[in-house]
Amino acid sequence: MITLNVNGKRLEVDVDPSTPLLWVLRDSLGLTGTKYGCGMAQCGACTVHLDGQAIRSCVKRASDAVGRQITTIEGLSTDLSHPLQRAWIEIDVPQCGYCQSGQIMSAAVLLAENPKPSDDDIDDAMSGNICRCGTYSRIREAIHRAAEMKTAGRRAE
Amino acid sequence: MSTTKQAISRRDFLRTSAAVGGGLLIAIHLPKLASATESFAPADPFAPNAFIRIRSDDIITVIINKSEMGQGPYTSLAMLAAEELEADWSKVRYESAPVDPAYNHPVFGIQMTGGSTSTASEWERFRKAGATARVMLIAAAGQNWNVDPKSLRAEKSFVIDSASGRRASFGSLADAAAKLQPPKDVTLKDPKDYKIIGKSTRRLDTPAKVNGTAQFGIDVQAPGLLTAVVARSPVFGGKVLSFNADKARAVPGVVDVVQIPSGVAVIGKGFWPAKLGRDKLEVKWDDGANASLSTTAMRADFAKLAQSPGLVAKKVGDPGKTLAGAAKTITAEFEVPYLAHATMEPLNCVVDLKSDACEIWTGTQFQTGDRMAAATIAGLKPEQVKIHTTFLGGGFGRRANPANDFVGEAVHVAKAIKSPVKVVWTREDDMHGGYYRPMWYDRMVGGVDANGNPIAWTHTIVGQSIMLGTPFEQFGIQNGIDTTSVEGAADLLYGIPNVQVDLHTPKLTIPVLWWRSVGHSHNGFAVEAFLDELAHLGGKDPVQLRRTLLTNQPRMKALLDLVAEKAKWDSPVPAGRGRGIATHFSFDSYVAQVAEVSVDKTGEVRVHKVVCAVDCGRVVNPDSVIAQMQGGIVFGLSAALKDAITFENGRVQQRNFHDYPMVRMNESPEIEVHIMPSTEPPTGVGEPGVPPVAPAVANAIFAATGKRVRRLPIGRVDMG
């Protein structure tokens, strides 16, 4: 039995602690927004936040996440209000959609650390996430758009 | 597979599809559902046909018979119905269709998604479905108000009586409309009155895809649902000799190990125990006839075959004689490898099998065939098998398998363990699972006259048949020629007076399948790269030469001019870069692309920009067409630059994305898409963006470096 803090909730999970966090999230906790793509940190579909950092949950043991804050796509917002979600909808980024949770979670850390990323910054932060449908140009555009929204939001405050 | 016998070949489809779009040949009838078990929820009072449901709260649900794998039918087909229904778009929802003959492809005769045909084949039916519902709602209002329906109109989900100013919402009329008989025929709108069709419309499925709620097959959960990971033969055609499951069973969470026809399934409480158990499983395999298969040997065999003509697929004039008398000739051999679809969502399937029913949740492009296969394996009637088509985490043809591999296998597992089960393929399983785009070897000889104009062209194609051994064989193979092997070559648009295209079909048993753009994916490369070589042989500009050869192809010629203008073909290229052009006609659509590349001194290729122009007839959702071109270009680039499935000792050499890499954000070019306005019937967009990419890049590499690329993947250009 381990205790995980997921999306602000403390959850007891009866699982072998060496199980990758991805499968604890998906199979034990039913949080299927985080996807399996490769199992070896090659594609980024399983990206979640651990204490605010983007990690590949397919290669992170659940025991290593104990005592830390885990955020999944389900915890990004409850109402599609995150600027990245709004920008993704505005620009109609997804095609099949399977990689997009991971894309958004990687982009969320980029924006948190760098409110106005350049194209090079986006390349650096996002090149660990594969999109087989080829939505990269829209992802880039949507990250810039979300950065604008965040800046505008701050000005309004 | 009696239903698939009604299917017709892709080539026949190409011939008839223009007529489908124009509504001339095929009488579209709007059936009710055949199966009582699939009946609509009672909360939806008005269901005039299998495609439309209207609730009393005004919500309109359009039932979509096409699988959503990223190409956008949940939105674009709903737009067709909503246009004619005069719906308030904000009230429109989508729902995935059950399996029922009502949802069969109007041309292929089975329920399936593929061939870039969704819009073309449903263009008339979904508009009629909407128009029928509109006529019935107006009639219901006419009855209620005791006025002639002809004096009424519909607008934004209301029926309006202009004379009296009365309005009634569609929802308020649903009950009354449901009591009326559908009209036999309806008049469709004049396109000039379109309010939804032709306007960029945001996809209805995007919100669910940005908050984790979109359900893919792999996400399906149910109480007591077990997970299976299957050990399959490392060599195609291999069989289990024996296995020892002791260590697998000792893994905590593993509940069972069973042999099935495709291998040995390890069943666990969740993916991870099943996967660990599969890792510990000891299986002795009989590798079978493919034990010594090697790419090196296959390449040598293919190259040898290519030296003599195969079965003739097309012959015009006398290319042999003309080549002998040509001012200059050139011979070039082009090669492309086997390719995996590598959908982001690895294959998977959930099955709940009971003695008298089978329920399946999966992302499939092939509902009718999968249902038939499941019924056969389960010993049930097809009507007893229910398939829920989830979102597909990519399809690209892999999930339209005449062999029904991932669905059939999952039914076998469920049957063996007598429990609901989700079979999940690891990425490595998916990569090794076959059904690849075939490897191809093309030998081409071309000649120009004294003025540098191409006068003869021969094209010998060597590669496996996709159709052979499938239920599509009798339609897809004509006189020994698989029409998909020669598509994009035998139907060459260029006006070259002497042409021969011929085909060798080596009988290999590597499972092969359609892969986004099918035969066009290799013929587009060979034809367009070779034409570039002929242009240079004759001292012609590649765009000018194409313009001359497209005199009788006004649509492609106009598109060529558009892309040349947008890519500034006639202006100098930025220093260190080269531009290359390619055009290709596929799935009834015309696409032209200009790639701008640079190559560094180590031979590494950087694709900076691709300008794309497309003529796909009338456009339903322009932004969706742009998205498909963008996606097709990136998909084609991964194949052009990086990917190959290769064999040694019968085994696939690639395992995962580290050795079967994809173009990533930092390698993704700037892409510009221009849509040619058109009033012609709509044609395909899912696949046609792919074929021109590789040749445009190869031709640009030549422009930048003087080096010809004739083999994919390009990897590094040999700068020596």
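Order of the sequence lines fixes the chain letters, A, B, ..., with proteins taken first and strands second; residue numbering starts at 1 for each chain.
- Enclosure of atom NZ in B:K280 is not indicated, since only 12 or fewer non-hydrogen atoms of other residues, nucleotides or ligands lie within 6.0 angstrom.
- Residue contact with chain A, scored on non-hydrogen atoms closer than 4.5 Å, is absent for B:E667.
- For B:F391, no part lies near chain A; criterion is any non-hydrogen pair under 4.5 Å.
- Using a 4.5 Å cut-off between heavy atoms, B:I218 touches chain A through backbone and side chain atoms alike.
- Counted within 6.0 Å of NZ on B:K269, heavy atoms from surrounding residues, nucleotides or ligands total 12 or fewer; the atom is thus considered open.
- Within the 4.5 angstrom heavy-atom criterion, atoms from both the backbone and the side chain of A:R140 approach chain B.
- Between chain A and the residues B:R516, B:E345, B:M69, B:M662, the most heavy-atom pairs under 4.5 angstrom are made by B:E345.
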For this session: Would you please test A:R26 and B:D219 for salt bridge (Lys or Arg N to Asp or Glu O under 4.0 Å) and show each step?
Result: CA-CA 8 Å; A:R26 288 181 57 83; B:D219 300 330; 2.9 Å; yes
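- Of the atoms belonging to A:L31, not a single heavy atom falls under 4.5 Å from chain B.
- For B:P252, no part sits under 4.5 Å from any heavy atom of chain A, backbone or side chain.
- If you measure heavy-atom distances from A:N129 to chain B, the contacts under 4.5 Å come from the backbone alone.
- Contacts with chain A were tallied for B:R655, B:H341, B:E670; B:H341 has the most, counting heavy-atom pairs under 4.5 Å.
- The side-chain heavy atoms of A:M126 and B:R664, taken from C-beta on, include no pair separated by under 4.5 Å.
- A heavy-atom distance below 4.5 Å is not found between the side chains of B:Q215 and A:T32.
- At a 4.5 Å heavy-atom cutoff, the contact between A:L80 and chain B is made by side-chain atoms alone.
- Ranked by non-hydrogen atom pairs under 4.5 Å with chain B, the options A:S101, A:G39, A:C133 are led by A:C133.
- Among all heavy-atom pairs drawn from B:A627 and A:R138, the shortest one is N-NH2, 3.5 Å.
- In terms of heavy-atom proximity, B:W272 sits nearest to A:D27 at N-OD2, 4.5 Å.
- For the pair A:W23/B:K275, no side-chain contact is recorded, criterion being any heavy-atom separation below 4.5 Å from C-beta on.
- Using a 4.5 Å cut-off between heavy atoms, B:T426 contacts chain A through both its backbone and its side chain.
- For the side-chain contact (heavy atoms from CB on, under 4.5 Å) criterion with A:D92, the lone passing option out of B:D205, B:I626, B:D623 is B:D623.
- Heavy atoms of A:Q103 lying under 4.5 Å from chain B are absent altogether.
- Counting only heavy atoms from C-beta outward, the side chains of B:S638 and A:R132 approach each other to under 4.5 Å.
- In terms of heavy-atom proximity, B:M665 sits nearest to A:I122 at CE-CG2, 4.1 Å.
- Annotation: maximal heavy-atom pairing with chain B below 4.5 Å, among A:S127, A:G134, A:C131, occurs at A:S127.
- Only the side chain of A:I104 comes within contact range of chain B, judged by heavy atoms closer than 4.5 Å.
- For the pair A:P94 and B:R203, the minimum side-chain heavy-atom distance is 4.5 Å or more.
- Checking A:I89, A:V93, A:L84 one by one against B:V210, the side-chain contact (heavy atoms from CB on, under 4.5 Å) holds for a single residue, A:I89.
- In summary, of the residues considered (B:Q630, B:E68, B:Q628, B:Q71), a side-chain hydrogen bond (donor to acceptor under 3.5 Å, both in side chains) with A:Q95 occurs for B:Q628 alone.
- At a 4.5 Å heavy-atom cutoff, A:T135 makes no contact with chain B through either its backbone or its side chain.
- For B:T201, the part lying near chain A is the backbone, with the side chain staying farther off; criterion is any non-hydrogen pair under 4.5 Å.
- Both the backbone and the side chain of B:A342 have a heavy atom closer than 4.5 Å to some heavy atom of chain A.
- Chain B forms more heavy-atom pairs under 4.5 Å with one residue of A:K35, A:H82, A:Q100 than with any other, namely A:K35.
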